[in-house]
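Everything below concerns the one structure shown next.
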2 protein chains.
Amino acid sequence: MSDAVLWSALADPHRRAIVALLRDRPRSVGEIVESCGLSQPSTSKHLKVLREAGLVRVSQDAQRRVYALDPAPIAALDAWLEPYRRLWNRSLDALGRRLDEAPDDPPHPPPQKD
Amino acid sequence: MSDAVLWSALADPHRRAIVALLRDRPRSVGEIVESCGLSQPSTSKHLKVLREAGLVRVSQDAQRRVYALDPAPIAALDAWLEPYRRLWNRSLDALGRRLDEAPDDPPHPPPQKD
DNA sequence: GACGTGTATTCCTTGACGGGCATATAACTG
DNA sequence: CAGTTATATGCCCGTCAAGGAATACACGTC
């Protein structure tokens, strides 16, 4: 379960969509097929990649296979991010945080060019 | 600067290595070439991808180009992780409870239907 | 302007990936 | 056992990304 497998699994947008879909609740392959708009074989192949990356677990319910998200590998991503968090905290500090939280602040947008 | 560009930029192990290298301090292309063990053209191509993903900024020092990490896009990854953090906190919480105070099988299976 | 250094770009080849189609496999139904 | 549903796999093909070699470009020096 190297990082490489995890990254390459999540590199694909369809697979990220599937992972996001499973965030809510486990789903059968059929449900996933409908949601992601791919053919069933393609979806199954993506699910295989996610399975081998450890991102999803599968349980059998009659003929159905119900896929559930296993968030543990994503925690590895979080760990990867860890050394960078310091950096962007520092950056925000250096830049000044007057423009980092003004999504809708028309009255006074100070032109902080630099 | 879509998520797709960011993900595909970071999907490559060499590029992640470069990004990690730049975490310490900015580096010239020559330094990066030596560190990542690729040829100079390949390294430049990877740097181009990182540049177009907004992950690095480049400044010129005579003939040298000095690349510096811009951690802001990585914050987008952090934002992507956000909805998952709850999940693994919940998992760890449940696991911790079981390991901590579950010698047998406490009747504590609350359905996560929220 | 000629040369050397440092970096970017182009061309080409190769290998991996994704998609669809057809088909195999497994499980329930009657 | 035949038929149906639900999913996985194999095959083929188009596309794309990565790597190397050669080359072009930019900058500084003499």
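Bear in mind that the values here come from a model prediction, so they are computed numbers and not experimental data. Here is how names work: the chains are called A, B, and so on, in the same order as the sequence lines, proteins then strands, and each is numbered from 1. Side chains are part of it too, since the values below use all heavy atoms of this structure and drop only hydrogens, waters and symmetry mates.
- For the pair A:Y67 and D:dA6, the criterion of a side-chain N or O lying under 4.0 Å from OP1 or OP2 is not met.
- B:Q63 is linked by a side-chain hydrogen bond (donor to acceptor under 3.5 Å, both in side chains) to nothing, counting only residues two or more places apart in sequence or in another chain.
- Under the 4.5 Å side-chain contact rule for hydrophobic residues, A:L38 and A:I18 do not share a cluster.
- Looking at heavy-atom distances under 4.0 Å, A:S28 makes contact with sugar-phosphate atoms alone, never a base.
- Scored by the side-chain hydrogen bond (donor to acceptor under 3.5 Å, both in side chains) test, A:E34 finds no partners at all (sequence neighbours excluded).
- A rotation axis mapping the C1' atoms of four pairs onto the next four is fitted at both ends of the helix from C:dG1-D:dC30 to C:dG30-D:dC1 over five pairs, and the angle between these axes is 10° to 10 degrees.
- Contacts of B:A11 classified as side-chain contact (heavy atoms from CB on, under 4.5 Å), with partners at least two apart in sequence or in another chain: A:A11.
- A straight line from CG of B:L47 to C1' of C:dT9 spans 14 Å, rounded to a whole angstrom.
- B:P26 pairs by the side-chain contact (heavy atoms from CB on, under 4.5 Å) definition with B:V66, B:A68, not counting sequence neighbours.
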Check the interface with nucleotides 24-30 of chain D: list each N/O to N/O pair with the protein under 3.5 Å, or write none.
{"unit_1": "D:dC27", "atom_1": "O2", "unit_2": "B:Q63", "atom_2": "NE2", "d": "3.3"}

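- Using a 4.0 Å cut-off between charged nitrogen and carboxylate oxygen, B:D78 and B:R85 count as a salt-bridge pair.
- Nucleotide D:dA8 holds its P atom 14 Å from the CG atom of A:L38, rounded to whole Å.
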Could you write out each protein N or O paired with an N or O of nucleotides 9-15 of chain D at a distance under 3.5 Å?
{"unit_1": "D:dG10", "atom_1": "O6", "unit_2": "A:K45", "atom_2": "NZ", "d": "3.3"}

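- Screening residues 31-69 of chain A for ring-ring contact (aromatic ring centres under 6.0 Å, His included), with sequence neighbours left out, gives A:H14-A:H46.
- For the OP1/OP2 pair of D:dA17 and a distance below 4.0 Å, the side-chain nitrogens and oxygens of B:H46 include no atom meeting the criterion.
- Under the rule for a side-chain hydrogen bond (donor to acceptor under 3.5 Å, both in side chains), the partners of A:S39 that lie at least two apart in sequence or sit in another chain are A:S42.
- Taking hydrophobic clusters as Ile, Leu, Val, Met, Phe, Trp and Tyr residues chained together by side-chain heavy-atom distances below 4.5 Å, A:V49 does not share a cluster with A:V33.
- Proximity of A:S39 to the phosphate of C:dG19: no side-chain N or O atom is located under 4.0 Å from OP1 or OP2.
- The shortest side-chain heavy-atom distance between A:T43 and A:C36 falls under the 4.5 Å cut-off.
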Criterion side chain to side chain contact (heavy atoms under 4.5 Å, CB included) on B:W7 and A:D12, from CA distance to verdict: CA-CA 8 Å; B:W7 278 102; A:D12 186 86; over 6 Å; no
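- When the C1' atom of D:dA17 is taken as reference, atom CG of B:L50 falls 14 Å away, rounded to whole Å.
- For A:E31, the salt bridge (Lys or Arg N to Asp or Glu O under 4.0 Å) partners two or more places apart in sequence, or in a different chain, are A:R27.
- For B:V49 and A:V29, each mapped to the nucleotide of DNA chain D holding its nearest heavy atom, the one lying further toward the 5' end belongs to A:V29.
- Of the residues in residues 7-21 of chain B, not one places a heavy atom less than 4.0 Å from an atom of DNA chain C.
- The backbone N or O of B:S8 sits less than 3.5 Å from a side-chain atom of B:R15, completing a donor-acceptor pair.
- Looking at residues two or more places apart in sequence or on another chain, you find no side-chain hydrogen bond (donor to acceptor under 3.5 Å, both in side chains) involving B:Q60.
- For the pair B:R64 CZ and C:dA8 P, the computed distance is 13 Å after rounding to whole Å.
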